[in-house]
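The structure under discussion appears below in the form of structure tokens.
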There are 2 protein chains.
Amino acid sequence: MNHIEKKKTFDVREYSDMRCAMHGLLNLLTGPWTTYILWMIRQNGEMRFGQIKKQIPLISAKVLTERLRMLEEAGILLRVQENTVPLKVTYSFTRRGKELENLLDEINNLATKWTGNDDISAKACHLDKMT
Amino acid sequence: MNHIEKKKTFDVREYSDMRCAMHGLLNLLTGPWTTYILWMIRQNGEMRFGQIKKQIPLISAKVLTERLRMLEEAGILLRVQENTVPLKVTYSFTRRGKELENLLDEINNLATKWTGNDDISAKACHLDKMT
DNA sequence: GTAATTAGTTACTTTAATGTACCTACTTGA
DNA sequence: TCAAGTAGGTACATTAAAGTAACTAATTAC
């Protein structure tokens with residue numbers, strides 16, 4: 001395991017020298033799937049890798065892994081690995097991540113309001129293409 | 001002017017048959033630059049095309065146009081064209097767009113909190129790559 | 001002995017998004 | 001008469017992102 005050649009890290013604390021605070025956070029959240037993954041975890045409290053994958057069938061393991069790593073490095077998600085067999089890895093919000101919960105709820109509130117739909121939980125979702 | 005071959009429209013109202021309200025809105029907002037453009041307009045009230053372009057120097061006219069059209073079609077931005085010479089086009093929030101203002105402020109609040117920075121206005125921003 | 005399970009990783013290909021440069025119309029001012 | 005300014009549109013090349021398939025390791029159930 002070498003994370004030596006890693007070039008980008010997404011820890012928001014490293015953006016502290018940016019003049020615009022907005023940049024770092026938007027850069028982190030507005031990638032494809034990212035916010036949607038957070039919304040899944042917000043609804044479920046904590047989730048295993050495979051569980052997230054099942055709820056978002058169109059995301060590939062590769063991309064899901066990338067996003068989870070990014071959010072972990074940003075200090076938003078906590079990754080807990082239990083070395084049982086089979087392996088069990090659980091993702092949940094860090095304290096910092098919890099600060100996003102209001103935001104996520106508000107997005108959902110607007111979304112449901114605008115579509116005129118109730119908030120039907122994620123298991124009912126089947127997507128063509130998502131973000 | 002033929003908008004016949006247009007295939008995608010982003011009006012959130014057309015997502016009303018989706019089971020998950022969250023999809024449409026995230027799909028709309030989490031594309032590159034989109035939310036950042038909204039944040040610019042939220043700060044400035046109303047903006048001309050060239051003004052936005054100057055504040056976000058790294059975005060190309062092509063992409064900026066795409067995003068503005070998308071947001072217009074979604075019913076979030078209002079495009080007002082004055083046929084003076086030179087042409088003057090102004091973008092501002094619709095009533096629906098105004099409902100995003102709290103959300104944008106909240107993102108900015110979190111961002112400033114996390115980076116430990118004050119909210120320095122956009123003119124001080126020089127970005128390498130943004131979203 | 002073999003398949004199944006979990007959470008990924010890696011290499012390679014393909015697709016989608018973006019960048020770049022050039023073009024438009026119209027009028028004003030030098 | 002010619003450049004400047006505005007808000008884009010268009011064609012083509014390029015790049016970055018994503019898809020895909022195959023692979024890993026360890027243990028358990030069949």
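Quick note on labels: first sequence line is chain A, next is B, and so on, each numbered from 1. Source: prediction; values computed, not measured.
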Legend entry - By side-chain contact (heavy atoms from CB on, under 4.5 Å) - contacts of B:Lys53 (at least two apart): B:Phe49, B:Ala61, B:Leu64

Inset, instruction - Quick one: name the residues clustered hydrophobically with B:Val80, using the 4.5 Å side-chain heavy-atom rule over I, L, V, M, F, W, Y, and just say none if it's on its own. - result: B:Leu78

Legend entry - For atom CD1 of B:Ile56 and atom C1' of C:dG19, their distance in whole Å: 17 Å

Inset, instruction - For a side-chain contact (heavy atoms from CB on, under 4.5 Å) with B:Leu104, tell me which candidate from B:Leu29, B:Ile41, B:Leu38 qualifies. - result: B:Leu38

Inset, instruction - Let me know the distance between CD of A:Glu82 and C1' of D:dA26, rounded to the nearest Å. - result: 16 Å

Legend entry - Atom-to-atom span, CZ of A:Arg67 to P of D:dA17 - whole angstrom: 9 Å

Legend entry - Any residue meeting side-chain contact (heavy atoms from CB on, under 4.5 Å) with A:Glu106, in chain and number order, not counting sequence neighbours: B:Asn102, B:Leu103, B:Glu106

Inset, instruction - Grab the CD1-P distance between A:Ile52 and C:dT6 for me, whole Å please. - result: 14 Å

Legend entry - Side-chain heavy atoms of B:Thr35 within contact of B:Trp39, under 4.5 Å: no

Legend entry - Test side-chain contact (heavy atoms from CB on, under 4.5 Å) applied to A:Gln51 - qualifying residues, sequence neighbours left out: A:Asn44, A:Met47, A:Arg48

Legend entry - d(CG, B:Leu64; C1', C:dG19) in whole Å: 14 Å

Inset, instruction - Under the side chain to side chain donor-acceptor pair (under 3.5 Å) rule, collect the residues that match up with B:Arg42, sequence neighbours excluded. - result: B:Asp105

Do any N or O atoms of the protein come closer than 3.5 Å to N or O atoms of nucleotides 24-26 of chain C, and which pairs are they?
none

Inset, instruction - For B:Lys53 and D:dG5, give me the distance from atom NZ to atom P, rounded to whole Å. - result: 15 Å

Legend entry - pair B:Leu28-B:Ile76: side-chain heavy atoms closer than 4.5 Å: yes

Inset, instruction - Give the rounded distance in Å between these two atoms: CG of B:Leu58 and P of C:dA17. - result: 20 Å

Could you list, one pair per line, each protein nitrogen or oxygen that sits under 3.5 Å from a nitrogen or oxygen of nucleotides 7-9 of chain C, together with the distance?
residue : atom : partner : partner atom : Å
C:dA7   : OP1  : A:Arg48 : NE           : 2.9
C:dA7   : OP1  : A:Arg48 : NH2          : 3.1
C:dA7   : OP1  : A:Val89 : N            : 3.4
C:dA7   : OP2  : A:Gly50 : N            : 3.0
C:dG8   : OP1  : A:Arg69 : NH2          : 2.9
C:dG8   : OP1  : A:Arg79 : NE           : 3.4
C:dG8   : OP1  : A:Arg79 : NH2          : 2.8
C:dG8   : OP2  : A:Tyr91 : OH           : 2.7
C:dG8   : O3'  : A:Arg69 : NH2          : 3.4

Inset, instruction - Using only side-chain N and O atoms of B:Ser60, determine if any of them is under 4.0 Å from OP1 or OP2 of C:dG19. - result: yes

Inset, instruction - Report the residues that fulfil salt bridge (Lys or Arg N to Asp or Glu O under 4.0 Å) with A:Glu99, sequence neighbours left out, ordered by chain and then residue number. - result: B:Lys113

